[in-house]
Amino acid sequence: MTGPLVPFREFVLKVHSRCDLACDHCYVYEHADQSWLTRPKTISDEAISWTARRLAEHATTHALPSVTVILHGGEPLLAGPARLRRVCEELGSALHGIAELDLRIHTNGVQLSPRYLDLFDEFHVRVGISLDGDRAANDRHRRFANGRSSHPMVMRAVELLREERYRHLDLGLLCTVDIHNDPVAVHDALAALEPPLVDFLLPHATWDDPPPRPDGSPTAYADWLLTVFDRWTEQGRPMPVRMFASVLSSLSGGPSLTESLGLAPTDLVVIETDGKLEQVDSLKSAYEGAAATGFDVFRNTFDEVAAHPGVRARQLGLAGVSETCRRCPVVRSCGGGLYTHRYRSDHGPESLSGGGFDNPSVYCADLAALIRGIEERTAAAIESPAVRSPDELLAAQLDLTRTLLAALHDTLDGRGGALWDDAWRLAATVEADTAGSDALDAVLAHPHTRTWLVDALEDVEAGRGLTGPAAERLAATVAAAAVRAGLDDLPVPVAYRDGGLHLPTLGTVLLGGPEKRGAAVVRAAGGGFVVRREAAPGTELRIAPDEPEGPHWLPVHVLRRAPAPVLLLDDLDPFRDWFDAPATDRLEAEEADAWAEGVAEAWSLLADAVPGQAAEAARTLTTLTPLFAGEAEPGRHGLGALGVGPVVGAKELAFCLLSGFRRAKLRALSEVTDLYALDGTWEHRTPWGSEPVTFSRLLAVTFERAGLGLYDPHYLTGVPEALDMIENAAEVTVDGKQLIAAVRKEIAVRS
């Protein structure tokens, strides 16, 4: 198996190998692997010391910022306070100065008392308790060997952990699903305890030893869990539920949040009481020795375990699941299910692909029904409004720009210089004024603002700091907003270089020759503005933004010819040159007039052929940047910009504008929401070519062709088939499906 070694970040340390309960569903004592019979009851001093040494070694080798150690059993509290103290002390001492230690303990709660919790408080050990619901549900399996109920003792433990002095140690509740139990009663019993987290666990089963299905339903466990989900939703989601959170995360393009779902590689290893190093504990449900590696802490490093074929098999992501799973649309959320649940021996059901773990989960139908059921119930709530509404998309883009600006300010951490500090302070003053706030939004929404922010943030994070025009852009932005809002009493200090002061969305003030640099102050005045250079305090330049080009003023060209919307033809912004083709220099007035006429003619064609898209583009596009060559292309950042090369004829320009707008919209959507995840993991063949492509390429081409097909029906060929492929792909998220539904409505109009 190839690929980089995945270091362990989670370590299950068995401190005691016996239990005071006799749960009949326990994988340690009741399933295939009975190795517990040969292990010492309590972990030895030597095994503790070597474990601590190996942990420090592993954390140092891989520069891990933190490691999680879960004290486990059997029942770990049976090790006693003295032994647990020894464990906590040795682990903490070994990792001190190397990595943060996240200590946890999973217990049945029967032995939990203040003396244990005081110890855990001292060492910051968080406590998870196993509880299967109300008394009837819990007593179905979690009893003492003589049949006596454990529920009252567990409830005392839970209530103790809820006390104010111990509440910060509460890790949550682990509940094993039993479909004989009332799902609503189980949910309500757990929710009443106000846990910080609930983890529902499917009972361990394999194809050789499948889970019980009393009514024969292939989705009995999904039905049970969906009933819990409905109750959880009805009650306002009173506590986090890890399984549900994981599905919701993956549906929106995020990661899985539990080992039992998703394609994330495993990063867990088990240290038994005798120091043996094993794979994930649930494998004991498969067969005798399934979890064994042949390694121990005395002779072997954790890196040796990480290289073990069994561990590597669970780090392969998509390549580690069966062929059936790889073709399944929900595999990104499901991940093939828990590795243990895929096992069958060579004597298992003949319908499966073979022995071992190269099979779907024994809960396959349940997992698919659960994921689809949660998606059906939540799609409307988790969909991004930006996918449905152009106005929401514009708002989301502005929010993203403002977030980047705040991130840049925070990253500078006072190192932006006096000009930056003054501009940041004055931006707050502009923001406090209603007209000023709208004007600042208008300037920040200028597409080239985002190019500046992204580049500046990269420079600052790389330690290069703010230099050149990037250092001066915030002051120019605030000055432009103050001018647009007519804030006459707000002078804004700015800097200029190369003889020019560029005010975004307005134009460039000429203050000297090409080499001239200096400081100035901009102040709105009587519908225009004045500029006073520090080097010439007695002189001011008075400029009206809409006045024609002159010796001191180069206004941004504004295209105002109906039926096209009002658009800036920006050939001045220093951050405009981020297209595949270079941007032109300053256009002459007659060239700008030709652009206005050409765009108006092209827009007239679009308004007739695709009125819906023309109207959306009119609300969205703000800026055209003339390029030396090439067809229309979206700006590097932001939604409102298109770069357009020299195009002959209104028909060709209309086509270029529509094509560029579709690409710009898709890029903008991808910036504010996840339309897909794990791009490049699968390959797809488009209806238009023989070479396989990534999902992102399939989506981009399909989205563009669907839009162009409304203008020229030739482009609709293959689009319905491509939409089907996208909708059934594993990569697509809820928002991606929402976008596809919108495209289907678009092309239905043409049909």
Side-chain angles (χ1 to χ4, degrees), residues 390-391 393-394 397 445-448 556-571 573 576-584 587 591-670 700-716 719 742-743 746-747 749-750:
D391 293 336
L393 178 55
L394 288 170
Q397 284 280 313
H446 186 53
H448 303 311
V556 173
H557 298 300
V558 182
L559 309 183
R560 301 180 184 274
R561 199 160 301 180
V566 175
L567 295 169
L568 300 183
L569 186 65
D570 198 336
D571 53 7
D573 197 302
R576 75 189 185 282
D577 203 4
W578 289 108
F579 298 91
D580 290 339
T584 68
L587 299 178
E591 293 176 299
D593 287 342
W595 270 93
E597 183 176 346
V599 170
E601 292 178 4
W603 211 277
S604 179
L605 295 176
L606 291 176
D608 288 340
V610 284
Q613 290 195 79
E616 182 178 350
R619 296 205 305 276
T620 303
L621 294 178
T622 64
T623 309
L624 298 181
T625 298
L627 307 179
F628 276 116
E631 299 178 348
E633 56 175 298
R636 180 182 175 209
H637 301 290
L639 175 59
L642 287 183
V644 185
V647 180
V648 179
K651 185 176 181 180
E652 291 79 5
L653 180 55
F655 185 87
C656 286
L657 291 174
L658 180 56
S659 172
F661 168 67
R662 294 293 284 196
R663 282 183 279 158
K665 179 179 178 180
L666 186 62
R667 175 181 290 183
L669 283 169
S670 298
V701 174
T702 303
F703 186 74
E704 184 175 355
R705 289 180 69 98
L708 295 176
L710 302 179
Y711 184 73
D712 180 350
H714 165 75
Y715 285 92
L716 285 180
V719 168
V743 173
E746 284 182 330
I747 64 175
V749 174
R750 170 64 70 178

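Positions are given from 1, in the same order as the sequence printed here. No hydrogens, no waters, no symmetry mates; every other heavy atom, side chains included, goes into these values.
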- request: Indicate yes or no: at least one non-hydrogen side-chain atom of Thr622 is less than 4.5 angstrom from one of Pro447.
  value: yes
query: What's the shortest heavy-atom distance between Leu639 and Ala664, and which atoms?
result: CD1-O, 3.6 Å
Heavy-atom side-chain contact between Pro646 and Phe628 under 4.5 Å: no
message: Would Asp570 and Leu624 count as a side-chain contact (heavy atoms from CB on, under 4.5 Å) here? Give the steps.
response: CA-CA 6 Å; Asp570 198 336; Leu624 298 181; over 6 Å; no
query: So, does Ser604 use its side chain to make a donor-acceptor pair with the main chain of Ala600 at under 3.5 Å?
result: no
statement: The reported gap from CD in Glu591 to OG1 in Thr584 (rounded to nearest 0.5 angstrom) is 7.5 Å
query: So, does Gln397 use its side chain to make a donor-acceptor pair with the main chain of Ala445 at under 3.5 Å?
result: no
- prompt: Got a second to check how far Arg619's CZ is from Asp391's CG, nearest 0.5 Å?
  reply: 5.0 Å
- prompt: Closest approach of Ala596 and Arg561, non-hydrogen atoms and distance?
  reply: O-CB, 4.0 Å
- request: Keeping the roles fixed (side chain from Glu746, backbone from Ala706), state whether a donor-acceptor pair exists under 3.5 Å.
  value: no
- prompt: Which pair of heavy atoms, one from Tyr711 and one from Ala654, lies closest together, and at what distance?
  reply: OH-CB, 3.6 Å
- request: Would you give the length of the straight line joining atom CG of Leu716 to atom CG of Leu710, rounded to the nearest 0.5 angstrom?
  value: 6.0 Å
message: Ignoring hydrogens, what is the shortest heavy-atom contact between Ala564 and Val599? Give both atom names and the distance.
response: CB-CG1, 3.9 Å
Results of ring pair (Phe, Tyr, Trp, His ring centres under 6.0 Å) for His448 - residues two or more places apart only: His446
message: If I take atom CG from residue Leu559 and atom CG from residue Leu568, how far apart are they, to the nearest 0.5 angstrom?
response: 8.0 Å
- prompt: Is the side chain of Arg662 donor-acceptor paired with the backbone N or O of Arg705 at a distance under 3.5 Å, no angle test?
  reply: no
- line: In terms of heavy-atom contacts, Trp595 and Val644 come closest through CH2-O, 3.5 Å
- prompt: Looking only at atom types and distance, does a side-chain atom of Arg576 sit under 3.5 Å from a main-chain N or O of Asp571, one as donor and one as acceptor?
  reply: yes
task: Could you tell me whether Glu616 and Lys665 make a salt bridge, using a distance below 4.0 angstrom between a side-chain N and a carboxylate O?
output: yes
statement: Residue pairs passing the ring-ring contact (aromatic ring centres under 6.0 Å, His included) test with at least one member in residues 644-663, sequence neighbours excluded, are Phe655-Tyr715
- prompt: Does some side-chain heavy atom of Leu642 sit less than 4.5 Å from a side-chain heavy atom of Leu621?
  reply: yes
task: Might you work through the side-chain contact (heavy atoms from CB on, under 4.5 Å) test for Thr623 and Leu567, ending with a clear yes or no?
output: CA-CA 5 Å; Thr623 309; Leu567 295 169; over 6 Å; no
query: Would you say Leu569 and Pro626 make side-chain contact, with heavy atoms under 4.5 Å?
result: yes
task: Let me see the working for Val719 and Ile747 under side-chain contact (heavy atoms from CB on, under 4.5 Å), right down to the final yes or no.
output: CA-CA 9 Å; Val719 168; Ile747 64 175; 4.1 Å; yes
- prompt: Between Leu658 and Gly707, what is the shortest heavy-atom contact and its length?
  reply: CD2-O, 3.7 Å
